[in-house]
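First up is the structure itself, then whatever we jot down about it.
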Number of protein chains: 2
Amino acid sequence: MPLDAETALADTPPGHKDELRLWLRLLTCANLIEAEIRRRLRVEFDTTLPRFDLLAQLERHAAGLTLGDISRRMMVSNGNVTGLAARLEEEGLVERRVSATDRRAQSLRLTPRGRREFARQSAAHEGWVAELLGGLGAAEREALHRLLGRAKASVQSGLQENGP
Amino acid sequence: MPLDAETALADTPPGHKDELRLWLRLLTCANLIEAEIRRRLRVEFDTTLPRFDLLAQLERHAAGLTLGDISRRMMVSNGNVTGLAARLEEEGLVERRVSATDRRAQSLRLTPRGRREFARQSAAHEGWVAELLGGLGAAEREALHRLLGRAKASVQSGLQENGP
DNA sequence: CCCCGATAGTTTAGGCTTCAACTATTTTGC
DNA sequence: GCAAAATAGTTGAAGCCTAAACTATCGGGG
């Protein structure tokens with residue numbers, strides 16, 4: 001039986017224990033869901049979460065996105081996107097085209113096959129999430145969504161303080 | 001069944017958008033905090049989150065833990081722990097000792113230096129989390145903690161269904 | 001006692017991720 | 001115009017992570 005960070009935190013020294021417990025539970029929750037989604041993407045579609053996420057970005061922008069756009073939207077480094085895009089292109093799910101107006105830039109688009117693949121994956125994915133969070137009532141989901149919004153705002157203002 | 005991109009998106013079965021939005025917000029929240037913690041661990045202590053987590057496990061069990069224990073508690077593969085432990089040992093933060101009763105097993109313990117290092121990191125870490133979540137009031141933290149507990153239970157029962 | 005299944009760790013191959021250094025191109029400021 | 005700064009993307013080194021195959025050891029049932 002697998003323990004987790006939260007269970008293991010029996011007693012921490014005094015201070016900001018509350019916030020720490022909250023963070024550990026948030027992390028545990030996110031990790032549980034994410035691990036299951038990764039697992040299902042692998043066994044059902046032989047793919048990975050980052051690939052899925054990149055396709056999802058392209059799906060929302062049929063006109064194409066530059067690698068830089070994708071990097072910003074996915075909040076990952078641009079070196080990361082280089083490799084991801086290379087693998088997806090090799091698999092024939094995306095295609096690149098050098099920009100007509102900026103020879104440094106290239107835009108990525110789904111191929112027809114990429115679009116078909118993603119449609120299947122996306123439908124399944126939505127079902128998985130609904131299944132995993134199905135134990136919550138609509139009111140609970142709403143309240144959780146709102147509080148997470150507050151938490152997000154708190155974090156972002158915390159980051160702001162030591163800004164550029 | 002030929003369906004194009006627009007259809008796939010606009011036509012997704014109703015009712016599951018809610019759960020998806022909730023999941024995406026949960027993920028964003030966790031990622032924001034985690035990325036900031038990773039960043040600070042790197043710039044302030046030149047270390048990483050997995051290293052920190054492993055030390056945290058050992059800190060709570062002065063008697064030592066086997067690699068398998070750590071693997072279960074951290075919810076990562078045992079091959080992963082092999083590598084982490086090797087790096088921490090090389091840095092002199094951790095020491096291994098082969099079990100007296102089972103020659104397959106070895107237990108890991110903090111070295112004095114490891115204990116000192118972790119104490120510094122841990123104190124800072126706790127402060128960072130408190131700072132990032134400081135925008136929430138105590139009642140909000142409490143409510144969020146409770147709802148995340150409900151979410152965790154929902155996910156775990158969702159996993160149970162396709163269990164061993 | 002001995003084989004056999006279970007358990008503890010390691011190894012390997014491959015993917016993900018970052019940072020920092022690099023190339024190529026575009027934009028800006030003078 | 002043109003040098004300098006900014007931007008787009010690639011590369012390389014290093015760490016993290018997994019699944020699967022492997023080694024070594026332990027424990028129990030014949």
Side-chain angles (χ1 to χ4, degrees), chain A residues 1-2 27 30-31 34-55 64-91 93-94 96-108 164, chain B residues 27 30-31 34-55 64-91 93-94 96-108 164:
Chain A
M1 175 179 186
L27 185 59
N31 283 347
E34 188 174 326
E36 181 65 9
I37 289 176
R38 285 180 191 272
R39 194 184 67 76
R40 295 194 192 185
L41 281 174
R42 180 172 53 79
V43 304
E44 310 255 330
F45 296 111
D46 190 27
T47 188
T48 67
L49 190 51
R51 277 164 158 95
F52 175 82
D53 287 343
L54 200 158
L55 296 184
L65 289 173
T66 68
L67 299 201
D69 288 338
I70 294 172
S71 161
R72 277 182 293 274
R73 286 170 195 276
M74 292 178 67
M75 297 195 292
V76 300
S77 70
N78 48 4
N80 191 348
V81 175
T82 294
L84 230 30
R87 283 184 286 271
L88 287 170
E89 187 182 23
E90 196 183 8
E91 292 175 29
L93 302 178
V94 308
R96 21 181 18 130
R97 177 185 316 186
V98 173
S99 159
T101 65
D102 184 342
R103 269 183 301 175
R104 293 167 306 176
Q106 48 194 277
S107 74
L108 242 54
Chain B
L27 184 58
N31 283 347
E34 188 175 325
E36 180 65 8
I37 289 175
R38 284 180 191 272
R39 194 184 67 76
R40 295 193 191 187
L41 281 173
R42 182 171 51 80
V43 304
E44 311 254 330
F45 297 112
D46 191 27
T47 188
T48 67
L49 191 51
R51 277 163 158 96
F52 176 80
D53 286 344
L54 199 159
L55 295 185
L65 289 171
T66 67
L67 298 200
D69 287 338
I70 294 172
S71 161
R72 278 181 292 275
R73 285 170 195 275
M74 291 179 67
M75 296 194 291
V76 299
S77 69
N78 48 4
N80 190 351
V81 175
T82 294
L84 273 176
R87 282 184 287 271
L88 287 170
E89 186 181 24
E90 195 183 8
E91 292 173 28
L93 301 179
V94 149
R96 17 175 28 124
R97 178 185 316 185
V98 173
S99 160
T101 65
D102 184 343
R103 270 181 301 173
R104 293 168 306 176
Q106 49 193 278
S107 73
L108 243 53

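Convention: sequence-line order gives letters A, B, ...; per-chain numbering from 1. Not measured: the values here are computed from a predicted model.
Taking all atoms of both residues into account, the shortest heavy-atom contact from Ser107(A) to Gly64(A) is CB-C, 4.5 Å. Residues Ser71(B) and Ser77(B) come closest through the heavy atom pair OG-C, 3.7 Å.
Contacts between chain A and DNA chain D, taken as any atom within less than 4.0 angstrom of a protein heavy atom, begin and end at dA6(D) to dA19(D).
Distance Arg103(A) CZ to dT26(C) C1': 10 Å, rounded to the nearest Å. Atom pair Leu54(A):CG and dC16(C):P shows a separation of 10 Å (rounding to whole Å applied). Taking atom CZ of residue Arg38(B) and atom C1' of nucleotide dC19(C), one finds them 14 Å apart after rounding to whole Å. Rounded to whole angstrom, the span from the CG atom of Asp53(A) across to the C1' atom of dT17(C) amounts to 14 Å. Per the geometry, CD1 belonging to Ile70(A) stands 16 Å off C1' belonging to dT17(C), to the nearest Å.
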In B/S/- notation (B base, S sugar-phosphate only, - none; protein heavy atoms under 4.0 Å), nucleotides 4-10 of chain C written 5' to 3' is --BBSBB
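Residues Glu34(B) and Arg38(B) are in side-chain contact: their nearest non-hydrogen atoms beyond the backbone lie under 4.5 Å apart.
A search for salt bridge (charged side-chain N to carboxylate O under 4.0 Å, His left out) contacts involving Glu89(A) returns Arg96(A), not counting sequence neighbours.
For residues 70-80 of chain A, the pairs satisfying salt bridge (charged side-chain N to carboxylate O under 4.0 Å, His left out) are Asp69(A)-Arg72(A), with sequence neighbours left out.
Here CG of Leu54(A) is found 4.5 Å from CD1 of Ile70(A). Values are rounded to the nearest 0.5 Å. Put simply, CZ on Arg97(B) and CG on Leu108(B) are 11.0 Å apart, with the number rounded to the nearest 0.5 Å. One distance of note links CG of Asn31(A) with CE of Met74(B); it measures 11.0 Å at 0.5 Å rounding.
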Under-3.5 Å N/O pairs linking protein and nucleotides 13-15 of chain C:
residue: dG15(C); atom: O3'; partner: Arg51(A); partner atom: NH1; Å: 3.2

Expected list for residues 78-88 of chain A: side-chain donor-acceptor pairs under 3.5 angstrom, two or more places apart:
residue: Thr82(A); atom: OG1; partner: Asn78(A); partner atom: O; Å: 3.2

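Screening Val43(A), Thr48(A), Thr47(A) for a side chain to side chain contact (heavy atoms under 4.5 Å, CB included) involving Phe45(A) leaves a single residue, Thr47(A).
Checking Asn80(B) against Val76(A), the closest nucleotide of DNA chain C that is more toward the 5' end is the one next to Asn80(B).
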Please report the C-alpha distance between Leu55(B) and Val94(B) in whole Å, then the side-chain angles of each, then the deciding distance to 0.1 Å, and finally whether the side-chain contact (heavy atoms from CB on, under 4.5 Å) criterion is met. CA-CA 8 Å; Leu55(B) 295 185; Val94(B) 149; 3.9 Å; yes
